[in-house]
Amino acid sequence: MQKDTNNNIDTILNSTIEGILLIKKGFIVNANDALVQILEYNSKDELIGNLATGVLIPSTTQKFLEFNKHLFQEVTLVSNSGDLIPAIIKISDIELSKKSYKIVSIIDLREIKQNENLLFRQSKLASLGEMISMIAHQWRQPLNSVASIMAKLKFKSKKNNAIKSEDLANEIKSIQNYLKYMSKTIDDFANFFKDDKQKEYIDIVKTTQSAKKLIEPSLKAANIQINIHEIQIQKIYTYKNEYIQILLNLLNNSIDAIIEKNIKNGKIDINFIKSENYLRIKISDNAGGIPKDIINRVFEPYFSTKHDKNGTGLGLYMCKVILEKHFNGTIDVKQIKNGVCFSMDIKI
Ligand SMILES: Nc1ncnc2c1ncn2[C@@H]1O[C@H](COP(=O)(O)OP(=O)(O)OP(=O)(O)O)[C@@H](O)[C@H]1O
Ligand SMILES: [Mg+2]
């Protein structure tokens with residue numbers, strides 16, 4: 001090549017941020033500054049004359065990736081000090097001064113790969129944190145119930161010096177049920193994040209009744225009536241525990257509000273309305289309702305008015321996410337006469 005042409009080529013090669021190699025019959029005949037820097041050489045003269053395969057190792061399984069709509073080949077570069085650098089390359093044939101060369105443009109992937117790993121770790125951490133606060137959220141109520149049973153037993157044993165063995169057996173049974181539910185919560189959440197849980201045929205009315213049983217002690221303590229208005233519906237193929245989880249979140253919110261507003265005859269009604277493709281489940285209470293200025297925000301993550309009670313504000317957000325993701329469903333809330341009505345549509 002003539003000197004002028006060479007200078008021109010150098011200027012062009014050095015104007016890019018990619019590394020560039022010019023190869024003739026397998027040997028390096030030119031390289032730009034960017035590549036010299038990536039490979040940690042002092043000057044391109046140390047590269048020129050070497051076999052291209054000395055610095056550029058194609059991956060054994062020819063991997064091609066799409067980057068900005070072009071097909072690139074994934075390779076490993078070998079630096080001056082022997083470090084391996086992930087990169088992608090694009091090879092083209094060019095003709096300079098009537099001689100044919102291969103020109104290789106090279107993008108160093110180290111930074112991109114690092115960012116990718118960082119993002120992956122961050123999103124994993126975030127979902128782990130979310131999972132822990134959700135488990136904590138689901139555990140609060142059964143923990144309270146177990147604590148109140150224990151307190152009751154302690155009180156009774158002090159008072160009459162003896163607890164009827166039948167009573168004791170009953171209380172132990174309900175503690176066992178709470179513990180079983182708590183341990184199942186962990187599995188359910190682990191499954192929830194694994195995304196491979198199993199659907200089953202469930203009777204929605206019966207499942208609603210079993211969810212009510214779980215919170216019976218809190219209902220009694222606060223003198224709250226839950227009326228489940230039964231109807232005949234065929235079994236639905238869905239996720240049983242997630243349905244219970246949604247229901248418990250809604251019921252616990254009503255219980256919280258009834259206690260907070262000091263309502264003497266707390267009442268929660270659960271109604272089922274069936275249409276061709278959807279089952280609507282309506283949960284209404286007489287807890288006084290939600291102020292107009294916040295009713296539109298209750299499904300936002302971390303929105304809570306229960307700061308003194310450590311409300312996470314995840315309850316309704318979770319209901320919405322689970323309904324949308326796993327039930328093909330929706331949830332919304334309306335003010336009614338003495339309280340609110342949460343209405344869920346589940347696809348059947
Ligand atoms: N039935 C209800 N009556 C009145 N206010 C309600 C009712 N349900 C929800 N809210 C309001 O919506 C807010 C958000 O509810 P959400 O369940 O998401 O969180 P939280 O109950 O505050 O916290 P956590 O669920 O962790 O206890 C509550 O803080 C409360 O102000
Ligand atoms: Mg809640």
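What you see below is based on every heavy atom in this structure, not just the backbone, and it leaves out hydrogens, waters and symmetry mates. Since this is a predicted model, take the numbers as computed values, not measurements. When a ligand or atom number is given, it counts from 1 through the structure's own listing order.
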Q: So, Lys44 and Asp10, do they make that salt bridge, N to O below 4.0 Å?
A: yes

Q: Report the part of Ser304 in contact with ligand 1, treating N, CA, C, O as backbone and CB onward as side chain, heavy atoms under 4.0 Å; options are side chain, backbone, both, neither.
A: both

Q: Under the salt bridge (charged side-chain N to carboxylate O under 4.0 Å, His left out) test, which residues partner Glu200, sequence neighbours left out?
A: none

Q: Below the 3.5 angstrom mark, is there an N/O of Leu316, backbone or side chain, next to an N/O of ligand 1?
A: yes

Q: Show the atoms of ligand 1 that are less than 4.0 angstrom away from any heavy atom in Gly289.
A: 4 (C)

Q: Parallel, tilted or perpendicular for His326 and Tyr239, by the 30°/60° rule?
A: tilted

Q: Check each atom of ligand 1 against the heavy atoms of Val340 and keep those under 4.0 Å away; list them by number with element.
A: 1 (N), 2 (C), 3 (N)

Q: Would you call Asp269 and Lys267 a salt bridge, taking side-chain N to carboxylate O under 4.0 Å as the test?
A: yes

Q: What atoms in ligand 1 come closer than 4.0 Å to a heavy atom of Phe303?
A: 14 (C), 19 (O)

Q: I want to confirm something. Looking only at heavy atoms, which of Ile295, Ile290, Asp285 is nearest to atom 5 (N) of ligand 1?
A: Ile290

Q: Identify, by atom number and element, the atoms of ligand 1 in contact range of Phe342, meaning under 4.0 Å from any of its heavy atoms.
A: 8 (N)

Q: With a 4.0 Å cut-off on N to O distance, would you call Asp203 and Lys235 a salt bridge?
A: no

Q: Under 3.5 Å between some N or O of ligand 1 and some N or O of Asp256?
A: no

Q: Using modelled atom types and a 3.5 Å cut-off, is there a donor and acceptor pairing between side-chain atoms of Asn223 and backbone atoms of Lys264?
A: yes

Q: Considering only heavy atoms from C-beta outward, does the side chain of Leu279 approach that of Asp345 to under 4.5 Å?
A: no

Q: Among pairs that include at least one residue of residues 100-112, which meet salt bridge (charged side-chain N to carboxylate O under 4.0 Å, His left out), considering only residues two or more places apart or in two chains?
A: Asp93-Lys102, Asp108-Arg110

Q: Under 4.0 Å between a Lys/Arg side-chain N and an Asp/Glu carboxylate O for Lys320 and Glu324?
A: yes

Q: Using a strict cut-off of less than 4.0 Å between a Lys/Arg side-chain nitrogen and an Asp/Glu carboxylate oxygen, indicate whether Asp256 and Lys306 qualify as a salt bridge.
A: yes

Q: With atoms numbered from 1 as shown, which atoms in ligand 1 lie under 4.0 angstrom from a non-hydrogen atom of Ser254?
A: 1 (N)

Q: Relative to the heavy atoms of Arg140, which atoms of ligand 1 are at a distance of less than 4.0 Å?
A: 27 (O)

Q: At distances under 2.8 Å, what protein N, O or S atoms surround the Mg ion (ligand 2)?
A: Asn253 OD1

Q: Does Phe299 have its ring centroid less than 6.0 Å away from the ring centroid of Tyr317?
A: no

Q: Using a 4.0 Å cut-off to any heavy atom of Ala257, which atoms of ligand 1 qualify?
A: 3 (N), 4 (C)

Q: Could you list the residues that satisfy side chain to side chain donor-acceptor pair (under 3.5 Å) with Gln335, not counting sequence neighbours?
A: none

Q: Is there a polar contact, in the sense of an N or O pair closer than 3.5 Å, between Thr305 and ligand 1?
A: yes

Q: With only distance considered, is Asn249 within less than 3.5 Å of ligand 1 through an N or O on each side?
A: no

